[in-house]
Amino acid sequence: MAETAVAGSTPFVWEGTDRKGNKIKGKSMAANEAAVRADLRRQGVVPSRIRKQSKGLFSGTARITPGDIAIFSRQLATMLAAGIPLVQAFEIVGNGHENASMQKLILAIKADVEGGSALAEALSKHPLYFDDLFVNLVESGEQAGALETLLDKIATYKEKTEAIKKKIKKALTYPAAVVVVAFVVTIILMIFVIPAFEDLFKGFGADLPAFTRMVISASQFIRDQGWILAMFLGGAVYAFMYFKKRSRAMRHFLDRMTLKTPIIGPIMKKAAIARYARTLSTMFSAGVPLVEALESVAGATGNIVYEVGVLKMKDEVSTGQRLQQAMENVDLFPNMVIQMIAVGEESGSLDEMSAKVADFYEEDVDNAVDNLSSLLEPMIMAILGVLVGGLVVAMYLPIFKMGSVI
């Protein structure tokens, strides 16, 4: 039996019999048990047992990710293209979702649509998951009578942008993880291994090499004052994350520095251009006016430097400036991109040319990330070798010195 649902926040599991006397069971989302019972009776089900769904020991409310929204868009577009009515499509997608939070969100939207709200209006009630770009495109699709086509474009857009984000995370996560491991290993050696050698060296009766004394002093400092250093580092990280989240000026500074960083900077720049072109193509092909489209494009670039630049472009385009000239003025785009956009403007195929730019840069980001991973692996191994190997050499230098004297 398919799950039933109404707008609510509590999952219920139930057992009962249908009109033919067959025993069935299922799950429903409702405000309370009475609402579940009433809903089942409307469907011709006589409930024999209704109870709240219990949560496992380690279960919790899974958060909704942008990937969930991308999958939802693709599923909805596919069902509408197959001729399934909108409300029924929500029913199928919502009840079939494994993420309880996503299921609740979909069924809440379904309830609003059933109540007479337009889909765009229902989506706009959940701005945390459906941004202005998503809502505007859906509204354009509803007004043009081509909702399934626009949802397909949204799904493609979401899938492409999420793929880019995953590539960027892949480029940054691996080296960061290795650096953290190297730091932890170094601290363990400093706290537990170096002191054992220090006790051994006390009986040598000879001066230790300068490198060995330096490592031992560092070990003593970490053991004696390490908690102060840990508190300072923890406070610095917390302050950094706090101001990064709340200060636009700081985010602007960080994004600008990121774009200037060797190796990583060019990848971030290509990713921002890919997002810009993909969003512009999607918005313009949906019939959204260029000035209005640039408003959404700015927020979708993922980089405040490009966001500010695109908003400046929007102001210039709104005064009659061509998009090509506005892009030249902000000095953020390669000449190839500007020329392709210019061809798109002149030929009336701005959406197609923007899509080609997006395809090119998305593939370029893929290749750059793969090359970066290949480049970083030997570099990271070398850094680990220097850190750990340096400590080992520092501890064995006195032993080598004693051996040469003997």
Side-chain angles (χ1 to χ4, degrees), residues 133 156-172 251-285 288 290-291 293-376:
L133 185 150
T156 301
Y157 166 76
K158 287 286 184 183
E159 289 162 356
K160 295 285 188 180
T161 53
E162 284 307 301
I164 285 287
K165 288 180 183 178
K166 287 179 180 178
K167 283 290 183 180
I168 298 300
K169 287 181 180 179
K170 177 183 175 183
L172 301 178
R251 292 201 307 274
H252 192 283
F253 171 78
L254 292 174
D255 283 353
R256 189 170 65 252
M257 290 299 101
T258 300
L259 293 176
K260 294 180 180 179
T261 304
I263 301 176
I264 295 294
I267 295 178
M268 302 301 288
K269 184 174 182 178
K270 291 172 183 176
I273 293 172
R275 291 194 194 104
Y276 162 83
R278 180 64 63 191
T279 310
L280 181 62
S281 172
T282 304
M283 295 289 286
F284 201 74
S285 64
V288 179
L290 182 58
V291 175
L294 288 173
E295 183 81 35
S296 297
V297 170
T301 56
N303 187 291
I304 293 183
V305 175
Y306 275 85
E307 180 181 340
V308 171
V310 175
L311 289 176
K312 182 180 178 182
M313 288 162 47
K314 186 204 77 169
D315 293 338
E316 293 183 6
V317 170
S318 65
T319 61
Q321 185 78 269
R322 291 184 62 188
L323 179 59
Q324 171 202 358
Q325 188 61 49
M327 291 174 65
E328 289 178 352
N329 293 341
V330 296
D331 195 27
L332 290 174
F333 299 93
N335 186 59
M336 184 200 79
V337 176
I338 296 173
Q339 293 306 314
M340 290 185 72
I341 294 296
V343 171
E345 279 190 297
E346 292 171 2
S347 62
S349 57
L350 182 59
D351 53 338
E352 294 179 10
M353 295 306 294
S354 297
K356 290 180 179 180
V357 171
D359 290 338
F360 174 81
Y361 275 93
E362 285 164 358
E363 185 177 354
D364 209 8
V365 169
D366 287 349
N367 295 332
V369 170
D370 291 338
N371 293 336
L372 177 63
S373 299
S374 301
L375 175 67
L376 285 177

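The figures that follow rest on heavy atoms only: side chains count, while hydrogens, waters and symmetry mates do not.
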| query | Do E159 and E162 come within less than 4.5 Å of each other through their side chains, counting heavy atoms only? | reply | no
| For T301 and A298, which heavy atoms make the closest approach, and how far apart are they? | OG1-O, 3.0 Å
| query | Heavy atoms, side chains only, cut-off 4.5 Å: are R256 and I304 in contact? | reply | no
| task | Under the side chain to side chain donor-acceptor pair (under 3.5 Å) rule, what do N303 and E307 come out as? Steps first, then yes or no, please. | result | CA-CA 6 Å; N303 187 291; E307 180 181 340; over 6 Å; no
| task | Look at the side chain of S349 and the backbone N and O of E345, then say whether any donor-acceptor pair between them is shorter than 3.5 Å. | result | no
| request: Could you tell me which non-hydrogen atom of A326 sits nearest to which non-hydrogen atom of E316, and how far apart they are? | output: CA-OE1, 3.3 Å
| query | In Å and rounded to the nearest 0.5 Å, what is the CG to CD distance from N329 to Q324? | reply | 10.0 Å
| field | T279 side chain vs V297 backbone, donor-acceptor pair below 3.5 Å | value | no
| query | Short question: side chain of D364, backbone of F360 - any donor-acceptor pair under 3.5 Å? | reply | no
| task | Look at atom CD of Q321 and say whether more than 12 heavy atoms of other residues, nucleotides or ligands are closer to it than 6.0 Å. | result | yes
| remark: Separation between NZ (K270) and CG (N367), nearest 0.5 Å, reads 8.5 Å
| Do Y361 and M336 touch side chain to side chain, with heavy atoms closer than 4.5 Å? | yes
| Hey, mind stepping through R322 and E346 against salt bridge (charged side-chain N to carboxylate O under 4.0 Å, His left out) and telling me if it holds? | CA-CA 10 Å; R322 291 184 62 188; E346 292 171 2; 3.6 Å; yes
| note | So OG of S347 and CD of E352: to nearest 0.5 Å the spacing works out to 7.5 Å
| query | Which atom pair, heavy atoms only, marks the closest approach of L294 to K314? | reply | CD1-CA, 3.8 Å
| note | Exactly one candidate in T156, D359, T161 meets side-chain hydrogen bond (donor to acceptor under 3.5 Å, both in side chains) with R278; the answer is D359
| said: Just to verify, which of V291, V317, I338 counts as forming a side chain to side chain contact (heavy atoms under 4.5 Å, CB included) with L323? | reply: V317
| Do K165 and R275 touch side chain to side chain, with heavy atoms closer than 4.5 Å? | yes
| Where is the tightest heavy-atom contact between G309 and V330, given as atom of each residue plus distance? | O-CG1, 3.4 Å
| Is the gap between the ring centers of Y276 and F333 under 6.0 Å? | yes
| said: Looking at D351, is its backbone amide N or carbonyl O close enough to the side chain of S354 to form a donor-acceptor pair, meaning the two atoms are under 3.5 Å apart? | reply: no
| message | If I take atom CG from residue N335 and atom CE from residue M327, how far apart are they, to the nearest 0.5 angstrom? | response | 10.0 Å
| query | Are side-chain heavy atoms of V305 and T258 found at a separation under 4.5 Å? | reply | no
| task | Can you measure from OH (Y306) to NZ (K269) and round to the nearest 0.5 angstrom? | result | 4.5 Å
| query | Which value, rounded to the nearest 0.5 Å, describes the distance between K312 atom NZ and L332 atom CG? | reply | 9.0 Å
| task | Could you tell me which non-hydrogen atom of V365 sits nearest to which non-hydrogen atom of A271, and how far apart they are? | result | CG2-N, 3.7 Å
